[in-house]
Amino acid sequence: HKLLFSFHMNAKIQEAAGKLNMGEYNFFLRGGQVLDRALQVPNPAANWILPRMWDNVTELDRTLPKFQGLANSFEQRTREWHNWYTAARPEDSPLPGEWENACNELQRMLIVSSLRPDRVSVVATNYILNNISARFVEPPQLDVAAVLQDSAPATPLIFVLSPGVDPTKMLLDLAEKKGMSKRFHTLSLGQGQAPVAERLIREGVAHGHWVFLANCHLSLSWMPALSKIVEMLEVDKPHEDFRLWLSSSPDPHFPISILQAGIKMTTEPPKGIRANLKRLYGTVSEETFELCQAAPKYKKLMFSLSFFHSILLERRKFQMLGWNVVYPFNDSDFEVSENLLRIYLDEYQETPWEALKYLIAGVNYGGHVTDELDRRLLMVYINDVFCEEALTTEQFKVSSSDKYRIPADGMLQTYREYINTLPQIDPPEAFGQHPNADISSMIKEARTLLDTLVSMQPAVAATSGATQEDKVLELAADYLGRVPKNIDYAATAKLLADEPSPLNIVLLQEIARYNKLLDRIRRSLDDLQKGIQGLVVMSSDLEQTFNCIFNGQVPPSWSGTYPSQKPLASWIRDLIERIEFFANWALTGRPPLIFWMSAFTFPTGFLTAVLQMSARSNSVSIDTLSWEFPVMTLDDVNIVEQPKDGVYIRGLYLEGAGWDRKGAMLVESQPMELVCSMPTIHFKPVDAKKAAKKGYYACPCYYYPNRAGEGGALAWSFVISVDLKAGTASPDHWVRRGTALLMSLDS
């Protein structure tokens with residue numbers, strides 16, 4: 001948040017001083033959108049310049065005068081550009097040829113964001129450092145006493161919560177220092193707590209108490225009433241000692257009036273495994289450390305537990321390669337687990353591994369976990385650190401990185417000293433991750449940063465002479481011209497009437513859904529053009545569509561048919577390909593040789609239809625069937641007939657691993673290779689009684705990169721689990737890697 005705020009403020013200062021080229025700045029935020037790649041300059045090095053990057057380069061060249069000749073330069077100096085692209089810190093490396101001296105700081109940032117989006121937050125930080133000062137990028141220490149000094153009785157003090165941070169202890173300590181501990185009342189909000197909160201505030205106003213209402217985000221329905229109470233504080237003139245403290249996770253429904261009236265504070269949780277271990281060991285006293293009767297055992301497993309806790313917290317930074325859902329693991333989980341550990345080691349001579357693992361990972365931490373695949377990962381981690389070897393092996397490795405080991409038995413101080421020797425920056429191997437995972441998470445962070453900056457941009461005229469309206473009008477006309485024709489539902493239904501197979505029913509359902517979507521797109525583009533020309537009133541929906549088209553985002557009214565994270569130009573291209581796939585199938589009435597599963601809006605329905613057909617042809621019940629997934633070693637052009645049973649599926653992507661085509665197995669991905677295309681897979685129905693094969697990884701397949709879905713109607717993304725040969729590594733290795741198949745990408 002600090003980086004976002006400082007960068008936005010810096011840009012505004014530069015703009016006011018006339019030092020910011022708004023055309024270039026807008027490109028930095030939005031990137032280049034190419035609708036028709038057929039008109040594009042050919043990509044000179046498709047093996048490393050990804051289509052999305054080449055879109056950015058060609059659009060820079062086409063739309064911004066300073067970058068004319070950039071696409072040409074890639075053709076002439078391919079090797080130099082490749083060296084720059086593969087540099088660890090490209091922002092500090094000289095640009096090839098004349099571009100080194102031709103570009104100012106913002107223009108260099110444009111090239112970095114176009115080719116290496118993972119370095120966007122680094123260049124944004126440098127931009128702030130070079131133009132304002134270092135204190136705008138370093139998070140300050142939160143001094144609650146100083147905040148209290150600045151506050152008044154009628155001013156609410158609001159903690160904006162970060163994951164893993166609880167301000168209660170901080171406030172209790174402050175109340176103790178200020179002699180307010182007897183008059184400090186805390187209440188965690190939730191169902192039925194509103195009357196209690198109102199009573200506490202009334203008493204506090206009269207008698208000068210401190211009232212702390214925690215977790216306001218869990219009582220949003222009562223927030224308007226709280227907003228009125230806060231307004232009345234100005235009128236009621238409360239006791240001079242009265243203070244109202246609030247804490248809430250960020251939520252769009254939190255009343256703005258309370259935020260405007262209050263003092264807002266936030267504190268970042270400690271970052272990194274070392275910082276977390278240091279904090280956990282900082283809260284333990286020498287007495288408690290030596291309290292357990294089985295002290296040597298306890299000390300080793302206490303380190304294992306602390307490492308386990310730190311890994312769970314820090315894995316969030318890998319975003320979708322970390323956890324599918326972000327969980328609020330906190331210190332109380334650790335404290336309860338540590339108590340359990342001590343009690344069980346005191347009670348039993350033999351270490352009760354299964355009971356400890358079940359209670360700690362299954363119940364205590366597992367109580368937060370809602371996603372089955374996240375639970376699988378949790379169990380893999382606990383098995384890594386809670387095992388007999390942890391007690392019997394000297395300097396036992398708690399992760400695949402050599403740097404993290406259980407230290408030799410000793411006093412509490414020796415453990416603290418060992419923790420100080422650990423790396424400040426966590427290597428991805430500590431989590432069982434590949435170095436590429438760091439790059440993936442940095443790209444997602446950069447995208448979030450830029451999307452938020454785009455949402456904060458005012459609706460003003462562009463600098464190139466054309467207004468926003470002109471630009472959107474031109475784009476709307478272009479999109480309208482590209483939207484494909486509806487597929488003839490009646491003709492297809494007539495053609496397939498003689499053969500009502502499950503696949504044909506799925507085809508008709510898909511055609512109906514896509515035709516509805518195409519009608520909706522055409523109607524909204526048509527209305528938008530009329531709205532811009534002043535022929536119809538601009539409704540709030542049209543206003544939203546207008547802003548989305550200008551920012552290169554998919555309007556919400558279009559995205560209800562199937563979930564996607566693609567920018568608008570890619571989304572339109574993808575839609576055209578989907579319609580083409582179904583139109584060809586509808587035209588011939590015969591199923592394609594190889595199915596593009598990503599084109600289906602409801603792929604689970606399609607897979608059920610395939611199982612139904614197999615069950616009918618083999619005269620068995622559908623319940624007795626499951627899947628096998630032989631991956632083809634042939635190229636698609638050599639596949640000339642449909643399989644006897646099941647279907648061939650193309651167009652899947654593998655994230656978090658590479659694929660060995662010859663050996664048909666998972667391998668480590670190449671540096672900078674964040675996803676790779678999978679060969680065609682034969683989805684083959686087999687008898688469900690067949691024993692599970694050893695050495696296979698149950699790889700989840702997701703509809704799009706957001707693995708948890710988006711809530712509401714789009715609360716699904718998981719489609720099916722595909723068994724892939726784990727290769728030389730164990731299946732658990734790929735669980736830690738977060739390896740998954742994706743049916744579509746976000747670019």
Side-chain angles (χ1 to χ4, degrees), residues 272-282 284 288-315 329 333-334 337-362 364-365 376-434 728-737:
I273 295 171
R274 172 179 145 166
N276 275 291
L277 287 172
K278 211 169 172 174
R279 188 173 52 86
L280 294 174
Y281 272 84
V284 180
T288 34
F289 198 58
E290 302 290 346
L291 198 62
C292 183
Q293 290 159 19
K297 226 189 238 189
Y298 166 77
K299 288 175 186 179
K300 286 189 168 185
L301 293 183
M302 163 77 171
F303 186 85
S304 287
L305 178 64
S306 306
F307 184 79
F308 173 72
H309 179 79
S310 306
I311 282 279
L312 300 192
L313 288 181
E314 288 304 308
R315 196 177 161 92
F329 299 126
D333 297 323
F334 175 75
S337 301
E338 189 265 330
N339 282 338
L340 277 170
L341 178 65
R342 190 173 327 119
I343 292 163
Y344 269 71
L345 291 180
D346 278 346
E347 286 289 322
Y348 297 96
Q349 201 69 43
E350 286 277 306
T351 314
W353 292 116
E354 292 310 312
L356 281 171
K357 288 195 282 201
Y358 175 71
L359 286 168
I360 292 172
N364 201 5
Y365 286 92
R376 172 174 79 167
L377 173 65
L378 195 66
M379 297 318 289
V380 165
Y381 273 147
I382 197 79
N383 289 331
D384 285 347
V385 294
F386 269 48
C387 57
E388 197 59 51
E389 291 77 29
L391 299 177
T392 54
T393 311
E394 277 297 309
Q395 300 264 310
F396 176 71
K397 266 170 66 174
V398 283
S399 80
S400 49
S401 166
D402 280 334
K403 295 187 171 74
Y404 300 88
R405 296 172 179 272
I406 297 179
D409 192 13
M411 310 288 284
L412 179 60
Q413 191 52 33
T414 59
Y415 280 82
R416 287 179 180 158
E417 283 164 9
Y418 171 72
I419 289 165
N420 281 332
T421 66
L422 295 175
Q424 283 220 318
I425 294 168
D426 307 332
E429 297 79 28
F431 304 87
Q433 282 283 19
H434 189 281
T728 52
S730 71
D732 285 354
H733 174 80
W734 303 112
V735 172
R736 289 184 214 100
R737 286 279 199 259

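Quantities reported herein were computed from a predicted structural model and do not represent experimental measurements. Position 1 is the first residue of the sequence; numbering continues from there.
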Distance alone, cut at 3.5 Å: any donor-acceptor contact between the side chains of E338 and Y298?
yes
To the nearest 0.5 angstrom, please state how far the CG atom of L345 sits from the SG atom of C292.
5.0 Å
What pairs of residues pass the side chain to side chain donor-acceptor pair (under 3.5 Å) test when at least one of them lies in residues 398-415, not counting sequence neighbours?
K397-D402
To the nearest 0.5 Å, atom CG of L391 lies from atom OG1 of T351 at 5.5 Å
Give, for atom NZ of K297 and atom OH of Y348, the distance between the pair rounded to the nearest 0.5 Å.
12.5 Å
Could you tell me whether F289 atom CZ has more than 12 heavy atoms of other residues or ligands within 6.0 Å of it?
yes
Would you find a donor on one side and an acceptor on the other, under 3.5 Å apart, between the side chain of N383 and the backbone of M379?
yes
Using a 6.0 Å cut-off, check whether atom NZ of K357 has over 12 heavy atoms from anything other than its own residue.
yes
With a 3.5 Å distance limit and no angle check, can you tell me whether K299 reaches the backbone of G410 through a side-chain donor-acceptor pair?
yes
Counting only heavy atoms not in Q424, do more than 12 fall under 6.0 Å of its CD?
no
Check whether any side-chain N or O of T393 sits under 3.5 Å from a backbone N or O of A390 as a donor-acceptor pair, and report yes or no.
no
Non-hydrogen atoms of V284 and L412 that approach each other most closely:
O-CD2, 3.4 Å
Cationic N near anionic O, under 4.0 Å, R274 to D426
no
Hey, do the aromatic rings of F308 and Y365 have their centres closer than 6.0 Å?
yes
Taking S304 for its side chain and F386 for its backbone only, find out whether a donor-acceptor pair lies under 3.5 Å.
no
Enter the distance from R736:CZ to H733:NE2 here, rounded to the nearest 0.5 Å.
8.0 Å
Closest non-hydrogen atoms of E290 and M411, given as atom of the first, atom of the second and distance, are OE2-SD, 4.3 Å
Going through the distances and angles, do K278 and R416 end up as a side-chain contact (heavy atoms from CB on, under 4.5 Å)?
CA-CA 7 Å; K278 211 169 172 174; R416 287 179 180 158; over 6 Å; no
Nearest-0.5 Å distance, CG of residue N276 to CD1 of residue I419
10.5 Å
Testing Y281, F329, F334 one by one against H309 for a ring-ring contact (aromatic ring centres under 6.0 Å, His included), which residue passes?
F334
Could you check if a side-chain atom of R315 sits within less than 4.5 angstrom of a side-chain atom of L377, using non-hydrogen atoms only?
yes
Looking at OG of S306 and CG of L301, how far apart are the two atoms once the value is rounded to the nearest 0.5 Å?
10.5 Å
May I ask you to decide if I273's main-chain N or O and E314's side chain share a donor-acceptor pair within less than 3.5 Å?
no
Around atom CD of Q395, are there more than 12 heavy atoms of other residues, nucleotides or ligands at under 6.0 Å?
yes
Note, L356 side chain near L341 side chain (heavy atom, < 4.5 Å)
yes
Shortest non-hydrogen pair, S310 vs L280, comes out as OG-CD1, 4.2 Å
What's the shortest heavy-atom distance between A430 and F307, and which atoms?
O-CZ, 4.0 Å
